[in-house]
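We number each residue from 1, following the sequence as shown.
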Amino acid sequence: KKSNPKNCIVIYNTPKIDESSIKQKIIKTSNEKFKIVYVGILQGNRLLKELGEEIKNYPEIELHIGGFGKFQDYFYNLSKEYKNVLFYGQMQYKDVLSLEKDANMLFATYNPKIANHKFSAPNKLYEAMALGKPIIVCKGTGIDEIVEKEKIGYSISYDTKEFMDIVKKLERNEKLQKELGENAKKIYDEKYTKDSQLVKELKKHDLHLAIETTGYVQPNIFKELAPMFDLILFDIKHYDSYQHFLGTNVHNELIIQNLKWAVKQKIEILPRIPVIPDFNASLDDAKGIAKLLTEVQLSKVQLLPFHQF
């Protein structure tokens, strides 16, 4: 039978972002050209390569793109050939926010024909809100409903021409850019930064609360939020910091630091390992992760099958 809950509360995938703390500039140009930014996995079904083929026809618009994946070499080579394509490679999260802060527009254009994309909740949406930037998303991906309802950007078909039409519209209209950006920042402050208040309200009703996390969060924020939960499902992707960086774009020292702190506070932790071929699936990897968990004094772990959506 289908469930029929009387109450349903949605907690959004909202990163906690303090714009005032983003000080270091890493953007590669300082001109007045319209700058669009994407940082993430560089693979198909995200309108990335299609945009790469189109953007070279618009020298007045710059594409600033970072990340890793199938199209990494493609964008590196494109940046060498065209001055309006700037490639950053793998980036630390603080640098991602710095780059996005200096953008005119972000985009998260997932192909709605991919089943997993119909329920997308990418950080890019909430980063755009927090930083006061318009965003372009695709219709039929879930996030399009938020973008349209809150008037913080545009939702389009999975189509490069439609994408560029919106970019040109924003590029010509600074007032519209500002209006969408102000809407985004206002709605972020009002609706998407209240998770801790929600948790406190739920605890009043003696509910058992669990949360899944990568653990990649500043210790002061982690120490504030972690004790509110009865169970933390803690992602552990690799024991080796360098290999962790190659696979996730961040090192794991901060993650391990937060994990150790939570264990010392006697918070119930369930480590969860997505078993990823050619990344952490070897016998040596298993021994390394087991050694790490033993040192942290954790005695059980959950292995997860890896899904490449």
Side-chain angles (χ1 to χ4, degrees), residues 12-40 46-48 51 54-55 58 60-67 84-86 88 91 93-110 120-139 141-157 159-160 162-195:
Y12 294 94
N13 182 35
T14 314
K16 194 169 183 177
I17 297 171
D18 178 10
E19 187 178 357
S20 65
S21 68
I22 305 170
K23 302 184 185 303
Q24 183 179 0
K25 281 187 172 288
I26 61 103
I27 196 162
K28 293 183 176 182
T29 59
S30 57
N31 55 50
E32 297 300 316
K33 292 184 177 182
F34 190 82
K35 298 171 174 60
I36 61 177
V37 167
Y38 172 94
V39 182
R46 298 190 175 207
L47 212 66
L48 296 177
L51 178 58
E54 189 71 18
I55 198 71
Y58 296 88
E60 73 279 12
I61 298 168
E62 292 182 345
L63 171 63
H64 294 254
I65 187 163
N84 67 326
V85 178
L86 295 302
Y88 293 78
M91 303 175 68
Y93 190 57
K94 63 181 179 63
D95 294 331
V96 173
L97 294 177
S98 174
L99 180 60
E100 291 176 342
K101 183 179 179 181
D102 287 328
N104 295 103
M105 186 204 84
L106 308 186
F107 66 98
T109 44
Y110 303 122
S120 61
N123 272 4
K124 295 176 191 63
L125 172 64
Y126 307 106
E127 290 160 4
M129 288 183 186
L131 299 171
K133 304 297 178 181
I135 188 168
I136 296 179
V137 302
C138 283
K139 296 181 185 296
T141 56
I143 53 176
D144 60 311
E145 298 175 10
I146 297 175
V147 170
E148 291 178 357
K149 178 184 177 182
E150 308 295 359
K151 296 181 174 58
I152 60 175
Y154 291 92
S155 63
I156 63 169
S157 303
D159 179 79
T160 313
E162 193 173 344
F163 181 97
M164 290 307 303
D165 285 345
I166 296 297
V167 171
K168 287 184 287 183
K169 179 179 179 178
L170 289 171
E171 189 260 341
R172 291 191 297 262
N173 194 332
E174 289 187 16
K175 183 180 178 181
L176 179 58
Q177 286 181 51
K178 184 177 179 182
E179 180 183 322
L180 294 172
E182 288 176 348
N183 288 348
K185 188 69 172 72
K186 182 173 183 289
I187 205 69
Y188 177 82
D189 291 337
E190 290 179 355
K191 290 182 64 175
Y192 294 93
T193 57
K194 297 183 178 179
D195 290 358

Practice task
Compare every heavy atom of A128 with every heavy atom of A184, then report the nearest pair and how far apart it is.
Solution key: CB-O, 4.1 Å

Handout entry: Q177 (side chain) donor-acceptor with L170 (main chain) under 3.5 angstrom
Key = yes

Exercise for the section: Report the C-alpha separation of I156 and D165 in whole Å, then their side-chain angles, then the decisive distance to 0.1 Å, and conclude whether the side-chain contact (heavy atoms from CB on, under 4.5 Å) test is met. Expected result: CA-CA 10 Å; I156 63 169; D165 285 345; over 6 Å; no

Handout entry: Side-chain heavy-atom pair E162, Y154 within 4.5 angstrom cut-off
Key = no

Practice task
Would you mind reporting whether E60 and F34 have side-chain heavy atoms less than 4.5 Å apart?
Solution key: no

Problem - Where I135 and L125 come nearest, the two heavy atoms and their spacing - result: CD1-CA, 3.8 Å

Practice task
Identify the heavy atoms of S98 and I22 that sit nearest to each other, and give their distance.
Solution key: CA-CG2, 3.5 Å

Practice task
Rounded to the nearest 0.5 Å, what's the gap from OH on Y88 to CD1 on I27? Could you check?
Solution key: 5.0 Å

Exercise for the section: May I ask you to test the N104-E171 pair for a side-chain heavy-atom distance under 4.5 Å? Expected result: no

Problem - Distance-minimising heavy-atom pair for P122 and A108 - result: CG-CB, 4.3 Å

Problem - K186/E190 salt bridge by N-O under 4.0 Å criterion - result: yes

Handout entry: Residue pairs passing the salt bridge (Lys or Arg N to Asp or Glu O under 4.0 Å) test where at least one lies in residues 98-109, sequence neighbours excluded
Key = K25-D102

Handout entry: Contact check, side chains of I36 and F163, non-hydrogen atoms, under 4.5 Å
Key = yes

Fill in the blank from the handout: In this structure, CD1 of I187 is separated from CD of E150 (nearest 0.5 Å) by 3.5 Å

Handout entry: Nearest-0.5 Å distance, CG of residue L97 to CE of residue M91
Key = 9.0 Å

Handout entry: Non-hydrogen side-chain atoms of V167 and I136 separated by less than 4.5 Å
Key = yes

Practice task
Give the C-alpha distance, both sets of side-chain angles, the deciding distance and a yes or no for side-chain contact (heavy atoms from CB on, under 4.5 Å) between D95 and V39.
Solution key: CA-CA 10 Å; D95 294 331; V39 182; over 6 Å; no

Handout entry: Point-to-point distance, once rounded to the nearest 0.5 Å, from OG1 of T109 to CG of D144
Key = 12.5 Å

Handout entry: pair K124-V137: side-chain heavy atoms closer than 4.5 Å
Key = no

Handout entry: salt_bridge(D189, K185) N-O dist < 4.0 Å
Key = yes

Completion exercise
To the nearest 0.5 Å, atom CZ of F107 lies from atom CZ of R46 at 10.5 Å

Practice task
Check whether any side-chain heavy atom of L51 lies under 4.5 Å from a side-chain heavy atom of M164, and answer yes or no.
Solution key: yes

Completion exercise
Value for CG (L176) from CD (E174), rounded to nearest 0.5 Å, stands at 11.0 Å

Handout entry: Minimum side-chain heavy-atom gap K191-I146 below 4.5 Å
Key = no

Exercise for the section: Quick one: list whatever passes salt bridge (charged side-chain N to carboxylate O under 4.0 Å, His left out) with K94, sequence neighbours left out. Expected result: none

Practice task
List the steps and the verdict of side-chain contact (heavy atoms from CB on, under 4.5 Å) for K133 and V37.
Solution key: CA-CA 10 Å; K133 304 297 178 181; V37 167; over 6 Å; no

Practice task
Decide side-chain contact (heavy atoms from CB on, under 4.5 Å) for Y93 and E127; before the verdict, give the C-alpha distance in whole Å, the side-chain angles of both, and the deciding distance to 0.1 Å.
Solution key: CA-CA 11 Å; Y93 190 57; E127 290 160 4; 2.7 Å; yes

Problem - N183 side-chain N/O to I152 backbone N/O, donor-acceptor pair under 3.5 Å - result: no

Fill in the blank from the handout: Note: L180 and G153 closest approach over all heavy atoms is CD2-N, 3.8 Å

Handout entry: More than 12 heavy atoms from other groups under 6.0 Å of CD on E148
Key = yes

